[in-house]
Each structure stands twice: as C-alpha cells, then as structure tokens.
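In what follows, chains carry the letters A, B, and so on, assigned in the order in which the sequence lines appear, proteins first and then strands, with residues in each chain numbered from 1.
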Number of protein chains: 2
Amino acid sequence: MDARAIRQSLEDSGLRCTAQRYAVMAFLVEHAGHPTAAEIFAAVNRVDPRSSRATTYNNLRDLVRAGLVREVAVEGRAARFDARGIRHHHFVCDRCGNVEDLEWYDVPRPASHSLGKRVLRECELIFRGLCSNCARRRAPRKAS
Amino acid sequence: MDARAIRQSLEDSGLRCTAQRYAVMAFLVEHAGHPTAAEIFAAVNRVDPRSSRATTYNNLRDLVRAGLVREVAVEGRAARFDARGIRHHHFVCDRCGNVEDLEWYDVPRPASHSLGKRVLRECELIFRGLCSNCARRRAPRKAS
DNA sequence: ATATTAGATTAGACGTATTCTAAACTCCGG
DNA sequence: CCGGAGTTTAGAATACGTCTAATCTAATAT
C-alpha cells in the first residue's frame, strides 16, 4: 500500500487526509508488529513534533471506525493496532503481551438459532499461549 | 455448581477458601452476565462491607490464573469475567460493550507450520456486532 | 485445642492508558 | 473574503487497575 493508496482509502472513508492522520495510517502500514497507541504516537511525533497524543488517539479511533485499522484489546495491557492488510488471525502471548499474525483460514459462523436477533459483523479468532521468544525460556517481560 | 463444589475447586487449585474469594467465585457462578470487576466488587461488598476493592482484583487475578474464571478484554472498556462453566464462545456488542454467550462448537486449530515454535494454550472465538437490544434501535449506551 | 505461618486482606496512594475540554487552526465551498 | 465543519492541541480529567505495608486468618503442625 503506497502513499497514493493510503490517501485514497482515507478519502473513500470520508476522512480528510491531514498530515497527522496520514502519518498514523502510514506508520501502521509499514509496521506490522501491532504497535500500541503510545508507540505510534512516539514514532509519529519523532518525525513531526507538532503532533499530539490526543490526535493520535482520535485518529486511531476514526481509522478503526472506518474499518481501515483493527484494534486488539489485550487483558491488562494497552491495546494494539494494525492496518487491515492481508486477512490473518492473531496470536497473543500470555507472558509478554505481544500480538503476532497467524495465517488466515475460514472460521465457521455460529448457527443462526444461536445468534438470535444479534447482528453479526465479524468473527475473530484469537490464539493464546507463549510466543517463540517466551517459550524458549521465561525470558523477556517485553520482547523487542 | 453448589457451595461445596466451589470450595472444592478452590482447594484443588491450591487457593485458600476465604470468605472474600468464595464470594467472588460464587457471584460469578450465579451471574453469567459477564460482570466487570467493579460490578463484582459492588455486589460482594454489598453483602459483606468488609471486603475491599484490591481484594476483588487480587482474587479475580488468582481465579483467572487458576483457570477457574475467564477474563474477556473489551477495547476501551473494563474487562469482563465469567466462571468457566459450560464451554461457549463470546459475542461482544460494538455499541454497548456487553458480552454474551453463544453456543460452543469446535474451532479448527492453526496449521503447525503457521504456529512455528509458539506454544498454543487456547483458541478463542469472538463474535462482534450488535446485541439484540442495540440492534433494535440505537438504544442504550449501557444495557441492563 | 493451640501455635504457627504462609497466604490473604485492607485502605488508600499511585500509575498507566485513554478520553475530555475548550480554544485555535485549516480547508473548502459560496 | 466569510462561514462552518472537521481537526488539532496541551493539559486536565477520568477510568481502570496495581502497589504498599500493616494487619489478619485459614490450614497445618504441635
């Protein structure tokens, strides 16, 4: 996804392509490691020190609402974000909290009698366990 | 799950059966509506005003570690808890944040080449959309 | 029964992640 | 150029959860 495509996807979602919003989206497209809001803010702010924390949060919220970005809540830790590129599932490490991508495969939907009158938007499959780093030995509290 | 069974499951997990811990576990067994820690504390404290907030959090952490209770992280909201009774999946409402149970069915595991050296502990299937309450009309911010 | 002690509890301070506020700015159409 | 919707900003405020250090208690050993 190049600069033009990012700009286009923002406009398609009815969002103005401001410098700050573009920076957040571009960072997510380039960094698939599921950064936290704080990490995104730090990176964006390093390049353009005018940008603020609140704006980073605002833009992440807007991008998630627009469906361009996915938010992953992790128990007891800051949320992680990633640009919705290739479809994939998520693996969350019990120990260090890092989120990693796993190959995508189809998920069976629930039976409609089970769903009732609920309106289903998406099925999310999350795997939990130890990432390869933490599995090796009880190593880092926060992997690189 | 009756009083005796609760006491037993705590002891089996190497946890002392204190009044406060028992109360937390018993509340979760009786209230399958995925309460937040704050709701659990309020309920437990109403019955026995000696119990404290810190203890409720401590006990929830212990119960989750022991595998007796499941914690569900919800983006931007307080975590929800439920006693692991009958296996089930979870439906999270985009709008009010409530968590509901859906009938359980088998989830296909990822291919081992995709998993790599990670150690898989569990597969969690989460559905997202609107609960029947919120689907009806853009009604409550927080359902009963 | 009683003593022992690891484990549990407490109130309230603290910390971190996130949202709110209100003023200022920017972009664009009229 | 004017107006207004959408954005940005710094910092205050809030929500949620954790920590501390003193005190207490359940389960075991005596």
*Asks:* Hey, are A:R128 and A:E75 close enough for a salt bridge, meaning a charged N less than 4.0 Å from a carboxylate O?
*Replies:*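 Salt bridge present between A:R128 and A:E75.
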
*Asks:* Identify whether the distance between the nearest side-chain nitrogen and carboxylate oxygen of B:R84 and B:E122 falls below 4.0 Å.
*Replies:*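 Salt bridge between B:R84 and B:E122, a charged N being under 4.0 Å from a carboxylate O: yes.
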
*Asks:* Name the first nucleotide and the last nucleotide along DNA chain D (5' to 3') that come under 4.0 Å of a heavy atom in chain A.
*Replies:*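 Span of nucleotides near chain A: D:dA5 to D:dA12.
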
*Asks:* So which of residues 26-37 of chain A are in contact with DNA chain D, with a heavy-atom cut-off of under 4.0 Å?
*Replies:*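 Nucleic-acid contacts, sorted: none.
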
*Asks:* Using a 6.0 Å cut-off, check whether atom CZ of B:R121 has over 12 heavy atoms from anything other than its own residue.
*Replies:*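 It does: B:R121 CZ has more than 12 such atoms within range.
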
*Asks:* If you measure from the Lys or Arg side-chain nitrogens to the Asp or Glu carboxylate oxygens, is any gap between B:D2 and B:R4 under 4.0 Å?
*Replies:*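 No, no charged N to carboxylate O under 4.0 Å.
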
*Asks:* For A:S52, give me all partners under side chain to side chain donor-acceptor pair (under 3.5 Å), at least two apart in sequence or on another chain.
*Replies:*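 Expected list: A:T55.
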
*Asks:* A:F27 vs A:H31 aromatic rings, parallel, tilted or perpendicular, using cut-offs 30° and 60°?
*Replies:*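 Ring orientation of A:F27 relative to A:H31: parallel.
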
*Asks:* In terms of the nearest nucleotide of DNA chain D, which residue is placed more toward the 5' end: B:E11 or B:F81?
*Replies:*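 Going by which nucleotide is closer to the 5' end, it is B:F81.
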
*Asks:* Strictly under 3.5 Å: I want the nitrogen or oxygen pairs between protein and nucleotides 14-16 of chain C, one per line.
*Replies:*
none

*Asks:* So B:A79, base contact, sugar-phosphate only, or nothing? Heavy-atom distance under 4.0 Å.
*Replies:*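 Sugar-phosphate contact only.
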
*Asks:* Can you work out whether B:R7 or A:P49 has the more 5'-proximal nearest nucleotide on DNA chain D?
*Replies:*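 Residue closer to the 5' terminus by nearest nucleotide: A:P49.
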
*Asks:* Which class fits the ring pair A:H89 and A:F127: parallel under 30°, tilted 30 to 60°, perpendicular over 60°?
*Replies:*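 If you compare the ring of A:H89 with that of A:F127, the planes turn out perpendicular.
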
*Asks:* Looking at DNA chain D, which of residues 54-73 of chain A put a heavy atom within less than 4.0 Å of it?
*Replies:*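 Heavy-atom cutoff 4.0 Å gives A:A54, A:T55, A:N58, A:N59.
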
*Asks:* With the threshold set at 4.0 Å, does a side-chain nitrogen-carboxylate oxygen contact exist between B:E100 and A:R118?
*Replies:*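 A:R118 and B:E100: salt-bridged.
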
*Asks:* Among residues 14-22 of chain B, which ones have heavy-atom contacts with DNA chain C below 4.0 Å?
*Replies:*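 Here the set is B:R16, B:T18, B:Q20, B:R21.
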
